[in-house]
Structures are given as structure tokens and as C-alpha cells.
Amino acid sequence: MTTVITRFPPSPTGHLHVGGARTALFNWLWARKNGGKFILRIEDTDAARSTGEMTRGILDGMRWLGLDWDEGPYFQSRRISLYNEYIDRLLQTGHAYYCACTPDEVEAMRNEARAAGAVPKYNGRCREKGLAPGPGRVVRFKAPLNGETSFKDVVKGNVSVPNAQLDDMVLRRVDGIPTYNLAVVVDDVTMAVTHIIRGDDHLSNTPKQVLLYEALGQALPQFGHVPMILGPDKKKLSKRHGATSVTVYRELGYLPEAVVNYLARLGWSHKDQEIFSLDELLTHFSLGHLGTSACVFDQGKLLWLNAHYIKSETPQRLAPLLADFLQQRGHREVNSAYLEAIVPLLQPRAGTMVEMAEMAEFFVADDHRLPMDEAAAGKYLTAQVKEHFVSLHNLLQTTSPFDQAALEALFSRYLEDKDVVFKVLAQPLRVALTGKTKSPGLFETMEVLGQARVVRRLANALRRIE
RNA sequence: GUCCCCAUCGUCUAGUGGCCUAGGACGCUGGCCUCUCACGCCGGUAACGGGGGUUCAAAUCCCCCUGGGGACGCCA
């Protein structure tokens with residue numbers, strides 16, 4: 001059996017689109033699963049763009065997702081002479097010819113055909129002229145006029161297209177730069193790519209490429225065209241549907257394992273399983289279970305997955321991320337042991353790391369500048385709790401150890417003593433300590449805050465009441 | 001317009017002719033738990049686009065219709 005070789009060939013747009021990320025993931029999984037190779041290639045035959053800069057966003061996204069590549073990135077812009085060798089070969093074998101028609105003339109031909117209700121395409125005027133190379137001349141592929149071209153697709157099954165539908169596509173532009181379809185085929189042939197998994201939108205390019213493979217006397221790779229990802233309105237996913245860039249999800253506080261898991265399940269499935277680690281993806285991934293129809297990008301489900309991973313990762317893994325997001329919110333560097341203690345209290349509550357940072361704010365705020373929900377303060381920090389706060393302030397100041405169990409014991413003794421129920425103290429205490437009406441459990445929160453902060457915040461609350 | 005592809009709950013999907021009075025998950029929703037908010041647990045809601053065939057039997061196979069998507073570039 002030959003080595004499996006897959007590739008991911010984005011054009012340098014500056015960021016990794018979720019659709020692109022998904023096809024990259026599928027190709028990566030297939031290569032890794034089979035002990036093969038995964039190649040990264042930048043399709044930049046479109047000329048003057050600072051590829052280094054534009055490519056970086058894509059590479060960053062790939063690395064963040066954990067999709068490493070074995071070869072590349074190759075740049076098509078640096079392989080022009082290779083493509084031209086192949087074009088010359090096609091010229092020599094009679095599979096291509098020079099054409100002197102101008103773009104305007106070709107456009108006119110297409111309009112004419114369209115008006116007549118026919119397929120809009122080049123009319124083949126220079127096809128049999130045997131023109132020599134010259135300025136203003138392009139090289140065109142001599143496509144078969146009749147019959148049909150078909151190929152087997154691992155997700156779509158057999159696909160065939162009448163050749164009459166196919167155009168004599170341009171292979172080499174006037175400026176000497178080869179076109180996309182030619183470059184892809186040459187790359188895939190020379191890189192010995194065995195499996196081409198890509199978006200549905202390339203399905204209609206495939207017959208043209210198949211013709212090129214045949215003209216070049218090359219065996220066909222396996223094709224697999226995965227359906228498009230749509231927005232909630234069932235239109236092709238675009239910016240107006242919200243975030244489409246992988247990097248944006250990182251900035252929004254999503255974990256790469258959540259994004260990978262979500263993308264994998266979008267258009268692929270393994271029985272009823274929803275949660276997949278990378279290892280599980282590797283063992284279960286199969287081309288046969290790729291979906292056949294377009295799917296809608298559901299941010300709600302991504303969020304659920306992200307919340308799931310936030311719950312299941314270790315505090316050690318999450319604490320540094322929390323530190324980053326806190327810093328973005330203007331907080332100074334926080335002691336990492338403190339953060340690791342905070343994280344477990346927030347894990348069941350945060351959907352994203354950004355949310356976690358918001359929720360962590362009261363932990364790291366300066367005691368004298370604790371952001372206070374004024375409405376809550378007005379409602380709960382009242383004269384009625386003053387006496388309790390005074391007593392508790394004293395008790396808490398001296399008690400030791402200051403951990404959850406001890407605090408619970410202390411409170412139950414106190415409540416019994418004063419003959420009150422916890423409910424009357426809980427919200428006032430919460431507001432005093434966190435500035436908010438919602439927080440993790442009070443005892444665990446107090447333990448993590450620590451004796452000093454708790455006592456100071458209680459004193460501050462007392463000052464407010466007076 | 002022409003060609004290609006697609007069609008199960010709102011969404012992601014399981015289903016490869018009988019195991020389907022169609023299963024799971026997100027969402028929504030009722031309840032439990034409870035110091036708030038979450039988590040968690042238990043329950044509910046909701047789908048095979050329509051019409052013809054084939055077959056003892058069809059969500060599953062075939063045809064037509066409808067609907068959706070994509071492609072028709074000297075873009076990739």
C-alpha cells in the first residue's frame with residue numbers, strides 16, 4: 001500500500017476560515033491516521049501579495065488547532081517554472097495550443113453563446129490554427145468536445161459531466177503565469193498527493209482537473225468533496241454571520257480542543273458520539289462517514305462544547321489562559337497559585353475564557369476598589385445585617401484554619417447561636433465579598449479569597465452600612 | 001440560462017431494506033438539587049419535503065417534481 005499523502009492549500013487571505021480549518025482537519029486526520037504525510041501549500045499564483053505576512057495568520061491558526069504539517073508551506077508563486085514545464089509538455093503532446101484571442105473577444109463569445117441559450121464558453125477559434133508563441137497569446141487546454149468525464153468521489157459517489165460543458169480553459173496567462181487548475185494538478189502530481197479532501201465548491205473544477213491528469217498520463221488521486229458550511233440563513237458562511245476566523249474564536253476565549261471537536265462533528269460523525277479527543281478522532285475518523293449535505297454552523301453548540309472542555313481541563317492548563325485574558329482586561333499579573341485556586345470555582349460556570357475572566361474579576365480586584373453592584377448593595381447591605389456583620393467580622397478575623405470545612409462549621413454554630421437561617425445572611429455576605437449577587441459557593445469563595453481579603457471586604461461593607 | 005451536487009427534529013446528526021410506534025446531541029422547556037448563579041440528574045418538545053414506482057417489507061433502492069447549495073474567469 002502506498003503512503004497516504006494529503007494536503008491543505010489555502011490562498012493567502014490573512015486568516016484561517018472555519019471552513020478551511022475543517023478541511024485542513026480532515027486532511028490532517030486522514031494523513032495522521034494512516035501514518036502518511038500532510039502537506040501545506042499556499043496558493044498564491046495571484047501575484048503581488050506579501051505572502052509572508054498574509055500567510056502568517058493561517059499558519060498561526062493551524063498551530064493553535066494543533067494541525068502540524070510535514071512539508072511546506074510551499075508557495076505556488078515560487079514554482080512557476082515547474083508549471084511551465086508541464087504546460088510545454090501539454091503543448092508538445094497536442095493537448096494544448098496557443099490562442100491569440102483577447103479577453104474582450106472571449107467575453108463576446110460567451111455572451112453570444114449565452115444569448116443563444118448555449119453553454120457560455122470559448123468558441124475554439126484558435127484551436128486548430130497551430131499558432132506559435134507570441135506576445136498577447138495564452139495557452140489553452142484542448143478539451144474533448146464530446147463524451148463525458150467522470151470520476152469517483154469518496155463522499156459524492158460517481159460524478160460525471162458532459163464534456164460539451166467544459167471549456168478550453170486557459171493554462172498560461174499572457175503574463176506567463178499559470179492558472180489555478182493547472183498549478184493544482186501539477187502540484188498534486190509532483191507531491192504525489194493520494195487523497196484530495198476539499199470543499200464542495202471545487203466539485204465543478206474536478207472534471208477539468210481530471211482531464212489534465214489524463215492528458216499528463218497521470219493516475220487519479222482519490223477525491224472527497226465535503227459539503228459547504230452555511231450560516232444560520234443557509235447561505236454560504238460569511239462575516240455577516242459572525243466570527244468565521246479561527247483566530248477570532250481564540251480571542252473570544254474558545255479552547256482549541258473545542259473548536260477541533262466541533263469542526264470534526266460538522267459533516268462527519270461516528271455513531272452517537274459527540275465528544276472526541278484528538279486520539280479518539282484519530283482512531284475513529286473515516287472518509288466513509290463524511291456527510292453529504294451542507295451544514296449550518298451552530299455557534300450555540302460550539303459554545304456548549306467549549307463549556308464542556310473548560311469543565312474538563314485541569315486548572316493548571318486553564319490558569320495561564322485566564323491570566324492572559326485578565327491582563328487583556330487591564331489587570332496586573334496575578335499569582336499563578338491564586339489563579340489555579342480560582343479556576344475550579346469558575347469552571348462549571350464559564351462558557352468561554354473571556355467569561356471566566358469576567359467572573360474572576362472580583363477575586364483579583366483590589367479590596368478597596370471592588371466593583372460593586374450598587375443596586376445589590378442598596379438591597380442587601382442594610383442596617384438589618386449590621387450586627388451580624390460585626391460579629392462575623394470578629395469571628396472570621398480570629399478563626400483558623402480558614403478553609404471551607406472550618407468556615408461551614410463556624411457558620412452553622414453561629415446560625416444556631418443567633419437562631420437565624422443562612423438565607424438571611426447569604427446574599428448580603430455575597431455582595432459584601434464579591435460585589436455581586438451571583439458567585440460561586442460562599443464557603444469555597446471565602447477559602448480561595450483567603451482570610452485577609454474576606455476580613456477587609458467585610459470591614460469595607462460595614463463602613464458602607466454606616 | 002446550462003451543468004453538477006444535496007434533501008431525517010429549529011440546528012448537528014444516527015440510520016447502509018425488516019432491530020424505526022425513527023435514536024443521540026445542542027437549543028427550548030417541566031422538575032429535582034440549592035446560600036445566589038452555574039454544574040449535575042430526571043422528564044418533555046420536535047423530523048424522514050411531495051408524488052409515483054420496485055419489494056412480502058422502504059427513512060433506506062429507482063424515477064419525476066419541489067426546494068436548497070455550488071460552478072460556469074487570462075480568481076483561487
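A note on names: the letters A, B, ... follow the listed sequences, proteins ahead of strands, and every chain is numbered from 1.
- Each of R125(A), K121(A), R127(A) was evaluated against D168(A); a single residue qualifies, R127(A), per the salt bridge (Lys or Arg N to Asp or Glu O under 4.0 Å) test.
- Residue contacts for P9(A): at a heavy-atom cut-off of 4.0 Å it reaches no nucleic acid atom on any strand shown.
- We find that CG of D168(A) is positioned 11 Å from P of rC74(B), with the value rounded to whole Å.
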>> Would E148(A) and Q165(A) count as a side chain to side chain contact (heavy atoms under 4.5 Å, CB included) here? Give the steps.
In response: CA-CA 9 Å; E148(A) 57 178 28; Q165(A) 205 66 218; over 6 Å; no
>> Run V106(A) and R110(A) through side chain to side chain contact (heavy atoms under 4.5 Å, CB included) and show every step you take.
In response: CA-CA 6 Å; V106(A) 177; R110(A) 291 209 171 91; 3.3 Å; yes
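- Proximity note for V174(A) (side chain, C-beta onward) versus rU13(B), rC5(B), rC74(B): the nearest is rC74(B).
- Residues S439(A) and G300(A) each lie close to RNA chain B; by heavy-atom proximity, the contact nearer the 5' end of the strand is made by G300(A).
- The separation between Q209(A) atom CD and rA76(B) atom P is 12 Å, rounded to whole Å.
- Minimum atom distance to the side chain of W304(A) is reached by rC26(B), of the listed rC6(B), rC26(B), rC4(B).
- The gap from the C1' atom of rG27(B) to that of rC19(B) amounts to 30 Å, rounded to the nearest Å.
- G291(A) comes within contact range of no nucleotide atom at all, as no heavy-atom separation falls under 4.0 Å.
- Between rG40(B) and R349(A), no contact under 4.0 Å exists linking OP1 or OP2 to a side-chain N or O.
- Taking atom CZ on R110(A) and atom C1' on rG1(B), their separation rounds to 15 Å, with Å as the unit.
- Here T206(A) lies out of heavy-atom contact (under 4.0 Å) with every strand.
- The shortest distance between the side-chain N/O atoms of R173(A) and the OP1/OP2 oxygens of rA76(B) is below 4.0 Å.
- Checked against the 6.0 Å centroid criterion, the rings of F443(A) and F422(A) qualify as a close aromatic pair.
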Could you list all N or O pairs between the protein and nucleotides 67-71 of chain B that sit under 3.5 Å apart?
from    : atom 1 : to      : atom 2 : distance (Å)
rG69(B) : OP1    : K235(A) : NZ     : 2.7
rA71(B) : O4'    : S204(A) : OG     : 3.0
rA71(B) : O2'    : S204(A) : OG     : 2.7

> Step by step, would you call Y262(A) with V18(A) a side chain to side chain contact (heavy atoms under 4.5 Å, CB included)?
Replying inline: CA-CA 10 Å; Y262(A) 180 70; V18(A) 291; over 6 Å; no
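- With a glycosidic angle more than 90° from 0, rC48(B) adopts the anti conformation.
- Between rG53(B) and rC12(B), the distance separating the two C1' atoms is 33 Å to the nearest Å.
- rA7(B) is paired with rU66(B) under the criterion used here, namely a Watson-Crick or G-U wobble arrangement in which both key atom distances are under 3.5 Å.
- Ring geometry for Y254(A) versus Y249(A): interplanar angle over 60°, hence perpendicular rather than tilted (30 to 60°).
- Nucleic acid contact class of V296(A) (heavy atoms, under 4.0 Å, all strands): sugar-phosphate only.
- Computed from coordinates, the R198(A) CZ to rC5(B) C1' distance equals 14 Å when rounded to whole Å.
- K121(A) comes within contact range of no nucleotide atom at all, as no heavy-atom separation falls under 4.0 Å.
- A distance of about 6 Å separates the P atoms of rG49(B) and rU8(B), rounded to the whole Å.
- Residue contacts shown for C99(A) are absent, as no nucleic acid heavy atom lies under 4.0 Å away.
- Taking the six-membered ring for Trp and thresholds of 30 and 60 degrees, W268(A) and H270(A) have nearly parallel ring planes, at less than 30 degrees apart.
- For rC56(B) and rU66(B), the P atoms lie 32 Å apart once the distance is rounded to whole Å.
- If you check rA76(B) for Watson-Crick or wobble pairing at under 3.5 angstrom, you find it has no partner at all.
- Distances shorter than 4.0 Å separate none of the side-chain N or O atoms of R265(A) from OP1 or OP2 on rA25(B).
- For K423(A) and rU36(B), the shortest distance from a side-chain N or O to OP1 or OP2 is below 4.0 Å.
- Nucleic acid contact class of T437(A) (heavy atoms, under 4.0 Å, all strands): base.
- Using a 4.0 Å cut-off, some side-chain N or O of H289(A) falls inside it from OP1 or OP2 of rG15(B).
- Taking the C1' atom of each, rC20(B) and rC39(B) are spaced 34 Å apart, rounded to whole Å.
- Nearer to the 5' terminus of RNA chain B, by closest-nucleotide assignment, is the contact made by Q165(A) (compared with the other of R140(A) and Q165(A)).
- Here T206(A) pairs with R198(A), H225(A) under the side chain to side chain donor-acceptor pair (under 3.5 Å) rule; sequence neighbours left out.
- Residue E274(A) places a side-chain atom within donor-acceptor reach of the base of rG24(B), judged by atom type and a 3.5 Å distance cut-off alone.
- rC20(B): no Watson-Crick or G-U partner with both key distances under 3.5 Å is found in any strand.
- Distance, F297(A) CZ to rG27(B) P: 15 Å, rounded to whole Å.
- For rA71(B), the paired nucleotide is rU2(B), the pair qualifying as Watson-Crick or G-U wobble because both relevant distances are below 3.5 Å.
- rU11(B) atom C1' lies 8 Å from atom OH of Y262(A), rounded to whole Å.
- With hydrogens and angles ignored, no donor-acceptor pair under 3.5 angstrom links the side chain of K438(A) to the base of rA38(B).
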>> As a quick check of understanding, evaluate side chain to side chain contact (heavy atoms under 4.5 Å, CB included) for H17(A) and L237(A), giving each step before the final call.
In response: CA-CA 10 Å; H17(A) 186 272; L237(A) 190 67; 4.2 Å; yes
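- Of the candidate nucleotides rC3(B), rG24(B), rA76(B), rA76(B) has the atom lying nearest to any side-chain atom of T179(A).
- Comparing the C1' positions of rA76(B) and rU16(B) gives a spacing of 36 Å, expressed to the nearest Å.
- rG43(B) is paired with rU29(B) under the Watson-Crick or G-U wobble criterion, all donor-acceptor distances under 3.5 Å.
- Distance check on atom C1': rU55(B) versus rC72(B) gives 41 Å, rounded to whole Å.
- For rU60(B), there is no paired base (Watson-Crick or G-U wobble, both distances below 3.5 Å).
- Here the separation of rC61(B) from rG17(B), taken at their P atoms, is 9 Å to the nearest Å.
- Heavy atoms of V138(A) sit under 4.0 angstrom from at least one base atom.
- In this structure, F151(A) atom CZ and rC5(B) atom C1' are separated by 10 Å, rounded to whole Å.
- Rounding to the nearest 0.5 Å gives a distance of 5.0 Å between CZ of R457(A) and CG of L370(A).
- If you measure from atom CZ of R114(A) to atom C1' of rC3(B), you get 14 Å, rounded to the nearest angstrom.
- Residues passing the salt bridge (Lys or Arg N to Asp or Glu O under 4.0 Å) test with K142(A), sequence neighbours excluded: E128(A).
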